[in-house]
Amino acid sequence: MANAIVIDGKDAAAKVIDAVKAAASVLEAKTRVKTGLAVVIVGDDPASHTYVGAKGRMAKDCGFNSIQYTLPAETTQGQLAKLVASLNEDASVHGILVQLPLPKHLDADAIIQSIKPEKDVDGLHVVNAGKLATGDLATGRIPCTPAGAMLLVRSIHGKDLSGLNAVVIGRSNLFGKPMAQLLLNDDATVTTAHSRSKNLSSVTRGADILVAAVGRPEMVKADWIKPGATVIDVGINRIDAPERGEGKSRLVGDVAYDEACEVAGAITPVPGGVGPMTIAMLLANTIAAAYRSNGLSSPLF
Ligand code: GUN
């Protein structure tokens with residue numbers, strides 16, 4: 001099969017953001033409540049500041065009240081815990097996001113688990129992980145990247161994945177595990193593969209839906225892919241690109257994109273695939289939290 005359908009994550013993200021904007025203005029008209037998002041960042045990692053800045057700008061663009069708390073690198077566990085506790089009690093804050101990674105001296109898990117589950121718009125609290133595992137997708141918050149990847153899967157296959165084999169490469173709490181559970185929830189037959197799996201390429205060749213989240217540039221080759229499969233590439237790897245000039249680099253995914261396009265039925269590019277969906281789903285999770293905290297059923301995305 002030549003030339004896979006290229007799944008446009010920017011376009012899909014823009015549609016989610018339009019729906020979030022509409023839902024935010026409906027909520028404000030009905031209840032006079034402005035959706036509130038608190039974003040907490042500790043230290044001065046430039047990449048984290050870039051991400052957080054983008055999250056805050058997009059939230060404001062959707063009509064949210066977005067507040068960024070920028071704390072110095074030497075913030076103590078107690079100080080950070082106190083801030084989260086006060087945001088938990090603040091009724092005008094519907095979503096709390098603590099940007100990761102935190103400086104090494106801080107216990108990130110203790111902080112994440114101290115966020116009220118209903119305000120945990122990253123979907124990282126064990127209560128939300130448990131709701132996903134037990135199929136309560138209506139009241140649980142789903143981690144943003146797998147939620148976004150799932151919307152891209154649905155843009156090709158719809159909501160019913162019965163009879164389809166899905167393989168997820170990667171088993172992190174942030175992505176691989178929740179992704180596998182979302183696919184299972186839509187009735188796919190799901191395999192989770194990882195760095196200790198044997199004969200990885202023979203496993204992936206059985207996949208109608210192949211999701212790669214390993215963090216190894218262009219690891220998934222054309223002959224790992226079943227002809228006609230849908231390939232979702234979650235990797236974002238920066239590699240040297242001397243062909244672009246000295247010291248230049250470029251972004252590639254976990255899939256060898258050009259050759260994969262010759263075999264796959266549909267594929268997400270990097271950049272422009274799963275990446276843009278992550279912030280869109282953060283905003284979707286936040287508006288859903290705001291609706292629920294006002295006793296309204298949350299809009300679906
Ligand atoms: N750092 C990189 N990605 C993420 C994310 O999705 N959420 C949080 N909180 N931190 C991140």
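In listed order, ligands and their atoms are each counted from 1.
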Discussion item. Between Thr139 and Lys131, is the side-chain hydrogen bond (donor to acceptor under 3.5 Å, both in side chains) condition met? List the steps.
Written reply: CA-CA 8 Å; Thr139 75; Lys131 286 185 174 188; 2.9 Å; yes
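Between Arg154 and Asp186 there is a salt bridge, since a side-chain N of the basic residue sits under 4.0 Å from a carboxylate O of the acidic one.
Heavy atoms from other residues, nucleotides or ligands lying under 6.0 Å from CG of Asp44 number 12 at most.
Scanning the protein heavy atoms around atom 6 (O) of ligand 1, the nearest turns out to be Asp122 OD1, 3.8 Å. Protein heavy atom in closest approach to atom 1 (N) of ligand 1: Leu100 O, 2.8 Å.
The closest donor-acceptor contact from the side chain of Asp208 to the backbone of Asn165 lies under 3.5 Å.
Close N/O approach between Val98 and ligand 1 is found [any backbone or side-chain N/O within under 3.5 Å]. Checked against a 3.5 angstrom limit, the closest N/O atoms of Gln99 and ligand 1 fall inside it.
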